[in-house]
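It should be emphasised that the depicted structure is a prediction, and the values quoted were computed from it without experimental measurement.
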Amino acid sequence: EHARAQNLLGAACAALGRRDCALAAFEASIRANPRDPSGYVNAGLISLQSANPSTAVDFFASALTIDPSSKPARDGLAQARSMFVARRN
């Protein structure tokens with residue numbers, strides 16, 4: 001139920017290559033503190049690694065709604081959008 005603990009768990013799962021575990025932990029972090037952009041950014045990054053740009057866009061957009069100056073969210077959003085373009089070509 002603690003956002004930071006869930007983010008830490010998500011990072012550990014991601015480091016072990018357990019993307020489902022990581023995404024679940026980052027989503028729990030978001031539920032625990034929906035006003036913290038880090039959970040959204042981390043979930044977006046895992047979504048990118050899972051080749052799911054549409055979900056990543058949603059997470060990064062949510063992070064930017066909370067913190068419009070978030071460089072990781074802006075960079076992640078740009079990367080997700082470029083994945084869309086690459087798939088269309």
Side-chain angles (χ1 to χ4, degrees):
E1 294 182 17
H2 297 282
R4 287 184 180 176
Q6 291 298 330
N7 264 329
L8 181 59
L9 175 60
C13 289
L16 294 171
R18 298 181 58 207
R19 291 186 185 141
D20 291 339
C21 170
L23 184 58
F26 294 137
E27 288 174 339
S29 171
I30 292 167
R31 284 190 303 276
N33 186 359
R35 294 185 183 121
D36 180 1
S38 65
Y40 297 96
V41 170
N42 291 331
L45 292 171
I46 288 296
S47 296
L48 282 178
Q49 291 175 3
S50 301
N52 191 345
S54 63
T55 301
V57 165
D58 291 341
F59 283 125
F60 291 129
S62 294
L64 287 168
T65 299
I66 298 165
D67 180 6
S69 67
S70 172
K71 183 169 173 25
R74 281 187 277 122
D75 292 347
L77 183 59
Q79 188 175 356
R81 286 181 175 169
S82 69
M83 286 178 76
F84 276 124
V85 171
R87 286 185 176 183
R88 290 182 186 169
N89 294 330

ask   = Taking all atoms of both residues into account, what is the closest heavy-atom pair of Ala3 and Asn33, and its distance?
value = CB-CB, 3.6 Å
request  = Please check if the side chain of Arg19 supplies one atom and the backbone of Ala14 the other of a donor-acceptor pair under 3.5 Å.
outcome  = no
ask   = Is there a chain of hydrophobic side chains (I, L, V, M, F, W, Y, each step under 4.5 Å between heavy atoms) that links Leu48 to Phe26?
value = no
query = Are any non-hydrogen side-chain atoms of Tyr40 and Pro34 less than 4.5 angstrom apart?
reply = yes
ask   = Is it true that the side chains of Asp67 and Ser70 contain a donor and an acceptor less than 3.5 Å apart?
value = no
Residue pair Leu64 / Arg74: nearest heavy atoms and the distance that separates them = CD2-CG, 3.6 Å
ask   = If you look at every heavy atom in Ala22 and Gly10, which pair is closest and at what distance?
value = CB-O, 3.4 Å
message = Could you report the tightest heavy-atom contact between Ser29 and Asn7, atom names first, then the distance?
response = OG-ND2, 3.4 Å
task = Please name the pair of heavy atoms, one in Pro53 and one in Met83, separated by the smallest distance, quoted to 0.1 Å.
result = CB-CB, 3.9 Å
query = Under the 3.5 angstrom rule, does the side chain of Ser62 hit a backbone N or O of Asp58 as a donor-acceptor pair?
reply = yes
query = Does the pair Asp36 and Ser38 meet the rule for a side chain to side chain donor-acceptor pair (under 3.5 Å), with working shown?
reply = CA-CA 6 Å; Asp36 180 1; Ser38 65; 3.0 Å; yes
ask   = Taking all non-hydrogen atoms of both residues, which atom of Leu77 and which atom of Phe60 are closest, and how far apart?
value = N-CD1, 3.5 Å
request  = Find out if a path of hydrophobic residues (ILVMFWY) with successive side-chain heavy-atom gaps under 4.5 Å connects Ile46 to Ile30.
outcome  = yes
key: Minimum side-chain heavy-atom gap Glu27-Phe59 below 4.5 Å   = yes
request  = Hey, could you give me the OG/CG distance between Ser50 and Leu23, rounded to the nearest 0.5 Å?
outcome  = 7.0 Å
